[in-house]
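A short worksheet on the structure shown next.
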Amino acid sequence: VNAKLKVVSTSGGKQLALDLDTRVDKFSATLGSNQVSQVDVQLQSHASATDMKQFKLADYRLDIAHQGQPALVATGAGTFDAATQDADLQLAVQATLARLLALLPQPDASIPTGSLVFKSHIVSRGKAQTVTGQLALTDFTGQFGTLRFKNYGTALGFDVGMKDNLLEIRKATGELREGQKAGGRFEASGSFETVKKSGSIAVKLTDFNPNGLRPFLESALGDKKLVSVSLNTTAAVNLAANGDAALKTDLSVTNLVVNDPSGTIPATPLEARVQLDATVAKQVTQIRQGQLTLTPTDRAKNELNLTGNVDASKSNAITGTLKLAAESLDVTRYYDLFAGKPKPATSAAATKPAPAPVTAPVNPDQEPPAMPLPFQNFTFELNIGRFFLREVAISNLLTTLRIDGGHVVLKCPATSMMSRLVPMPSSSRPWSTASCRIAKAKWPALPPPARNSKARASPARTCKRI
């Protein structure tokens, strides 16, 4: 460790000049699970003060190096007037991501290339403060878990102001890139009153395409490759001082095409759209529109709607009604798009589990302890006329779930192509003892149970096989 500090006083002590030069070489430490070694740190600054009221930071520079190679450089300057409390501060940061990761390695992370540049200007004048800046990520190639980036980049610009109790996002814009190809733009604006807790914010995503979405979508596509996609979104949130709120959003995905090496997924473009319009007034949430629209098929219209209300004015007695309905729904192509390959079969010897530790015997017929639920007269309805998934076809998928205090009633009328649940009379015991019986349906009959085998309850212990 080496440090040099020079202080010069002139004009009878009214003028002070300060020069600082500090250096730490070959620094080593343990930070959590990371071992940091061979780190060099240097800080230099030049500052002055007049009458101990006006301060000027002419410049400062912080250098961090790892194994003799620069990892991060921060520079800036600033002024401060103690009499008026006015301040002006500038900051610039340049970082080499590969060296920062080598400095603080993370599991499942690899960054061969990439740089980060951040610039900011902070100004305070009286009761008004302004923060402006830019953030740029360039030539980013690396991997975080299943996310893979190649020549990825992003740019963000912002202008935020604060006066009295009002926070304003005047501008927050940015874009994504892959190399020199545009990947999408985003912008946000709004305001928030910090004392009244009221305000609004609007967000817009425009022309997001494979250049911007590839790392995120392909991590979920398995061995499939993203060919084309277009994503656009608008969202608006309003908050009132009395706690009321409103949310309205519209997200659309169009021209979604992937390249499937197996050739099982056709190249016909897929679409998806989510529309939500909800309000909260006096702790009552009203879903005026909740719609999911998928690409229609020969078998289904593919429109799913959610409506209803939830009253949370009493924390221990939440009431409401929600209904999820669709005339017909075919999710085959979307399921195939994101479904992973089946795992290869393994021999019984390879999958033989380790011997389980010896524990006290558990009575399989013993009910778990009662679970109190904070719902009263709460109803959820599911009504899907026809549902398709590959070769599976279900007609009249109707279910009603009603929760009232400690009692849960599940009604499942006759459903074609699947077992139907017929509710049994509820007992006086709480929710954990709710029961129902499985009646005959159009599926083949189940094989008879082995002799002397005991009937087992389902994992949730809410149904009993008859």
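With hydrogens and angles left out, the side-chain atoms of T295 and Y334 include a donor and acceptor closer than 3.5 Å. T297 and D330 form a side-chain donor-acceptor contact under 3.5 Å, judged by distance and modelled atom types alone. A donor and an acceptor atom, one from each side chain of D63 and Q42, are nowhere located under 3.5 Å apart. Of the N and O atoms on the side chains of H66 and D40, not one donor lies less than 3.5 Å from an acceptor on the other residue. In the model, N209 has no side-chain atom that pairs as donor or acceptor with a side-chain atom of R214 under 3.5 Å. Checking Q15 against T50 by side-chain atom types alone, a donor-acceptor pair falls below 3.5 Å.
Dense packing is recorded around CD of Q129, with more than 12 heavy atoms of other residues, nucleotides or ligands lying under 6.0 Å away.
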For N151 and E178, what are the C-alpha separation, side-chain angles and deciding distance, and is it a side chain to side chain donor-acceptor pair (under 3.5 Å)? CA-CA 6 Å; N151 297 327; E178 188 178 60; over 6 Å; no

Hey, mind stepping through K224 and I265 against side-chain contact (heavy atoms from CB on, under 4.5 Å) and telling me if it holds? CA-CA 10 Å; K224 309 175 190 71; I265 298 180; 3.2 Å; yes

Let me see the working for R386 and N396 under side chain to side chain donor-acceptor pair (under 3.5 Å), right down to the final yes or no. CA-CA 6 Å; R386 290 170 296 154; N396 299 323; over 6 Å; no

L231 and L205: side-chain contact (heavy atoms from CB on, under 4.5 Å), yes or no, with the steps? CA-CA 8 Å; L231 183 147; L205 309 181; 4.0 Å; yes

Tell me, with the steps shown, if D404 and F375 meet side-chain contact (heavy atoms from CB on, under 4.5 Å). CA-CA 6 Å; D404 192 2; F375 297 97; over 6 Å; no

Give the intermediate values and the outcome of salt bridge (Lys or Arg N to Asp or Glu O under 4.0 Å) for residues K53 and D81. CA-CA 6 Å; K53 294 181 179 179; D81 191 323; over 6 Å; no

Candidate pair S115 and T96, rule side-chain contact (heavy atoms from CB on, under 4.5 Å), full reasoning: CA-CA 5 Å; S115 61; T96 304; 5.6 Å; no

Worked verdict on D159 versus K171 for salt bridge (Lys or Arg N to Asp or Glu O under 4.0 Å): CA-CA 5 Å; D159 182 353; K171 181 186 73 170; over 6 Å; no

Check the pair R23 / D25 against salt bridge (Lys or Arg N to Asp or Glu O under 4.0 Å), numbers first and verdict last. CA-CA 7 Å; R23 185 178 182 88; D25 295 324; 2.7 Å; yes

Could you give me the CA-CA distance, side-chain angles and deciding distance for Q44 and R61, then say whether side chain to side chain donor-acceptor pair (under 3.5 Å) is met? CA-CA 5 Å; Q44 297 174 309; R61 180 184 178 96; 5.1 Å; no

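Proximity of L217 to S219: side-chain heavy atoms (C-beta onward) are nowhere separated by under 4.5 Å. Between N302 and L329 there is a side-chain heavy-atom pair separated by less than 4.5 Å. Between E218 and R148, the closest side-chain pair of non-hydrogen atoms is not below 4.5 Å. No side-chain heavy atom of N255 sits less than 4.5 Å from a side-chain heavy atom of V229. Counting only heavy atoms from C-beta outward, the side chains of R170 and T130 approach each other to under 4.5 Å. Residues T379 and L401 are not in side-chain contact: their nearest non-hydrogen atoms beyond the backbone lie 4.5 Å or more apart. Side-chain atoms of I287 and L322, non-hydrogen and from C-beta on, do get closer than 4.5 Å to each other. A 4.5 Å side-chain heavy-atom check between F387 and V331 finds at least one atom pair inside the cut-off.
Taking all atoms of both residues into account, the shortest heavy-atom contact from A58 to A77 is O-CB, 3.3 Å. The minimum heavy-atom distance linking G68 with A65 is given by the pair C-CB, 4.4 Å. Taking both residues in full, the closest heavy atoms of K204 and T234 are given as CG-CG2, 4.2 Å, listed atom of the first, atom of the second, then distance. Taking both residues in full, the closest heavy atoms of S200 and N238 are given as CB-OD1, 3.2 Å, listed atom of the first, atom of the second, then distance. Residues V93 and A74 come closest through the heavy atom pair CG2-CB, 4.1 Å. Looking at every heavy atom in both residues, I111 comes nearest to L101 through N-CD2, 3.6 Å.
No salt bridge links D244 with K282; every basic N to acidic carboxylate O contact stays at or beyond 4.0 Å. Between K14 and D51 there is no salt bridge, since no side-chain nitrogen of the basic residue lies less than 4.0 Å from a carboxylate oxygen of the acidic one. Salt bridge R273/D250: present, at least one basic N to carboxylate O contact under 4.0 Å.
Atom CZ of residue R288 and atom OG1 of residue T307 lie 13.0 Å apart, to the nearest 0.5 angstrom. Here CE of M162 is found 10.5 Å from CD of E168. Values are rounded to the nearest 0.5 Å. Distance check, rounded to the nearest 0.5 Å: CG of L57 to OG1 of T79 gives 9.5 Å. Taking CG of L397 as the reference point, atom CG of L382 lies at 5.0 Å (rounded to 0.5 Å). With rounding to the nearest 0.5 angstrom, the CG atom of N165 is 10.5 Å from the OG atom of S198. Interatomic distance, NZ of K127 versus CD of Q85, reported as 13.5 Å (0.5 Å rounding).
The closest donor-acceptor contact from the side chain of T206 to the backbone of F186 lies at 3.5 Å or more, if one exists at all. Using a distance-only test at 3.5 Å, with no hydrogens or angles considered, no donor-acceptor pair links the side chain of R125 to the main chain of A128. Side-chain atoms of E193 come within 3.5 Å of backbone atoms of K196 as a donor-acceptor pair (strictly under, hydrogens ignored). In this structure, the side chain of N309 does not engage the main chain of G320 through any donor-acceptor pair within 3.5 Å.
Across R299, E391, R390, a single residue satisfies side chain to side chain donor-acceptor pair (under 3.5 Å) together with T332, and that is R299.
Relative orientation of the F118 and F158 rings is parallel, given thresholds of 30° and 60° on the angle between their planes.
When ring centroids are compared, F149 and F216 come within the 6.0 Å threshold.
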